[in-house]
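Labels below follow one simple rule: chain letters A, B, ... track the order of the sequence lines, proteins then strands, and each chain is numbered from 1. Any value given below was found using the heavy atoms of this structure, including those in side chains, with hydrogens, waters and symmetry copies removed.
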2 protein chains.
Amino acid sequence: MAGERRPRGEYTVGRERRSGILQTALREFAEHGYHGTSLNRIADRAGISEAGLRHHFANKDALLVAVLEQRDASSERLPDGQEPLVGVADLEHHIAIVEGNTATIELARLFTVLTAEATTRDHPAASWAVDRYRSIRASIEQGIRGGIASGEFRDDVDAARVARQIIAIMDGLQLQWLLDPEAVDMAADFREYTAELLTRLRGE
Amino acid sequence: MAGERRPRGEYTVGRERRSGILQTALREFAEHGYHGTSLNRIADRAGISEAGLRHHFANKDALLVAVLEQRDASSERLPDGQEPLVGVADLEHHIAIVEGNTATIELARLFTVLTAEATTRDHPAASWAVDRYRSIRASIEQGIRGGIASGEFRDDVDAARVARQIIAIMDGLQLQWLLDPEAVDMAADFREYTAELLTRLRGE
DNA sequence: GTCTATATAGCGATAGAC
DNA sequence: GTCTATCGCTATATAGAC
């Protein structure tokens, strides 16, 4: 982290350029998927030439991965030094996430489209998607286990299975909402699901 | 429907050709999505020239729509003259569908990938996907309503919401299964979900 | 760090012969 | 009904000037 310094201005300009490209690329990948997006188009909309864009990202795969990893880093990190949420608090936290997603439709579409694309052969986001889902499953499973340990939930609850179910509901409702926003209120539906789940987790 | 006849052989050859192309196209679209698939590739794998393929399907959009509509027609039709299933029987029917999907991973991927792609701008399958989901929602909602009418289910059940939830679980589990088949037993998870749902629908 | 120019390949689509 | 040939366009990617 130490070492020679460079004029601050250079860094700032470089980072802003890079970050602007990532922002534009996110929108394009979300609107057209990986194969449907061209570097030329991203470059145009970011106000740079295609060759200029390539100075920052060697190829299309690298740009996609950079977009996805940046979003993971910014959305899935807990505030510094905070204990992981467990039990009811974790479920309520997921309600807040779903409510937040209704306000960022572009980001929601990015994840929906690219995760589904990533189930196909040789997709550049394949390992990103698999790892991400394993990590999310483990995290929610821990939240459920924490609820069992604290006595909030029954001790015969299958935490791993409940975790898969929560994720499935979130993704499935989001898909229906993206297809037909007027017909599906995903936040309301998820809130209802959570209430039902809670009844079940707390026992008869 | 009446009018001049042609030698039977010609029809048969034509239909088999067409059907072979559709089969190959289905596999390619499932493996690479719409934008990731090229007509040239489909033609090669179907053992025909690209121009030959174009004799049967005028353009790429038409071919995709033909693939999707053929699969809808073959998978979502009830046996002739059969009454629609309602209540518990309809839920059990959906368990059978999910179990069937585990044996046809290619078809499952086709629907997952193309439905997600269809949430993007100007996708050729957009209206297919929206219409399909409206139709499935309505069909399951009717099944739930039938269960209420017959007294199997409580009469304060929100049939439309339950329908959205069932579809969400099916799609969400399928996505996790496609990404990580060893980690997710979607049929078992769906069976468990259905059992829990049934308890709730039948009341305290 | 950004540009113009260009290489190379693949795409969807059309025309016309057989 | 199927083919070869080809058009016009766009894609990713590279080289080298400023």
Side-chain angles (χ1 to χ4, degrees), chain A residues 4-25 27-29 31-67 114 117 120-125, chain B residues 4-25 28-29 31-68 114 117 120-125:
Chain A
E4 61 255 305
R5 296 216 181 143
R6 296 192 199 178
R8 190 174 182 171
E10 282 185 28
Y11 272 123
T12 307
V13 168
R15 287 202 185 172
E16 276 172 13
R17 186 55 111 186
R18 209 186 130 93
S19 140
I21 292 169
L22 284 172
Q23 196 179 325
T24 307
R27 197 173 59 242
E28 292 299 314
F29 284 130
E31 292 282 317
H32 306 284
Y34 174 75
H35 296 293
T37 297
S38 80
L39 294 178
N40 197 310
R41 215 180 134 94
I42 295 172
D44 265 9
R45 311 223 162 179
I48 195 177
S49 73
E50 195 190 316
L53 184 153
R54 288 188 124 82
H55 175 76
H56 298 277
F57 303 96
N59 57 43
K60 195 180 173 181
D61 287 19
L63 176 54
L64 176 67
V65 170
V67 167
L114 279 154
E117 276 190 340
T120 64
R121 281 209 186 291
D122 302 322
H123 195 282
Chain B
E4 59 256 306
R5 298 218 178 136
R6 296 193 200 176
R8 189 174 182 170
E10 284 185 26
Y11 270 123
T12 307
V13 169
R15 287 203 185 173
E16 275 171 14
R17 186 54 111 185
R18 209 186 130 92
S19 139
I21 292 169
L22 283 172
Q23 197 180 324
T24 307
E28 293 299 314
F29 284 129
E31 292 282 315
H32 306 283
Y34 175 73
H35 295 292
T37 298
S38 80
L39 294 177
N40 198 311
R41 215 179 134 95
I42 295 172
D44 265 9
R45 311 223 161 178
I48 195 177
S49 72
E50 194 188 318
L53 185 154
R54 289 189 123 82
H55 175 75
H56 297 278
F57 303 95
N59 56 44
K60 194 181 174 182
D61 288 18
L63 176 54
L64 175 67
V65 169
V67 167
L68 297 174
L114 279 153
E117 275 191 339
T120 64
R121 282 211 185 289
D122 301 322
H123 195 281

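- Taking atom CG on A/N40 and atom P on C/dT8, their separation rounds to 20 Å, with Å as the unit.
- Separating the NE2 atom in A/H123 from the CD atom in A/E117 is a distance of 3.5 Å, to the nearest 0.5 Å.
- Checking D/dA13, C/dG12, D/dA11 against the side-chain heavy atoms of B/S38 singles out C/dG12 as nearest.
- The distance between atom NE2 of A/H35 and atom P of C/dG10, rounded to the nearest whole Å, is 15 Å.
- The distance between atom CZ of A/R41 and atom P of D/dT12, rounded to the nearest whole Å, is 12 Å.
- Rounded to whole Å, the distance from CG on A/D44 to P on D/dT10 is 12 Å.
- Taking CD1 of B/I48 as the reference point, atom NE2 of B/H56 lies at 4.5 Å (rounded to 0.5 Å).
- Heavy atoms only, all atoms of each residue included: A/P124 and A/V65 are closest at O-CG2, 4.1 Å.
- Nearest heavy atom pair, residue A/T24 against residue A/A46, reads OG1-CB, 3.6 Å.
- For the pair B/T37 and B/E28, the tightest heavy-atom approach, listed with the atom from each and the gap, is OG1-O, 3.1 Å.
- Between C/dG1 and A/H55, a contact under 4.0 Å exists linking OP1 or OP2 to a side-chain N or O.
- Nearest approach of B/L39 to B/L53, heavy atoms of both residues: O-CD1, 4.0 Å.
- Rounded to whole angstrom, the span from the NE2 atom of B/H32 across to the P atom of C/dG10 amounts to 15 Å.
- Within residues 58-66 of chain A, the residues approaching DNA chain D are A/N59, A/K60, by heavy-atom distance under 4.0 Å.
- Whole-Å rounding puts the A/R54 CZ to C/dA7 P distance at 17 Å.
- A/T120 and B/G33 make their closest contact through CG2-N, 4.4 Å (heavy atoms, listed as atom of the first residue, atom of the second, distance).
- Note: A/Y34 and A/F29 have parallel aromatic rings, judged against thresholds of 30 and 60 degrees for the angle between ring planes.
- When rounded to the nearest whole Å, the span between CG of A/L39 and C1' of D/dT14 equals 14 Å.
- Rounded to whole Å, the distance from CD on A/E16 to C1' on C/dT2 is 17 Å.
- Between B/V67 and B/A25, the closest heavy-atom pair is CG2-CB, 3.8 Å.
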Taking N or O atoms only and anything under 3.5 Å, show me the protein contacts with nucleotides 3-6 of chain D, one pair per line.
residue, atom, partner, partner atom, Å
D/dC3, OP2, B/S49, N, 2.7
D/dC3, OP2, B/S49, OG, 2.8

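- In terms of phosphate contacts, A/H56 brings a side-chain nitrogen or oxygen within less than 4.0 Å of OP1 or OP2 of C/dT2.
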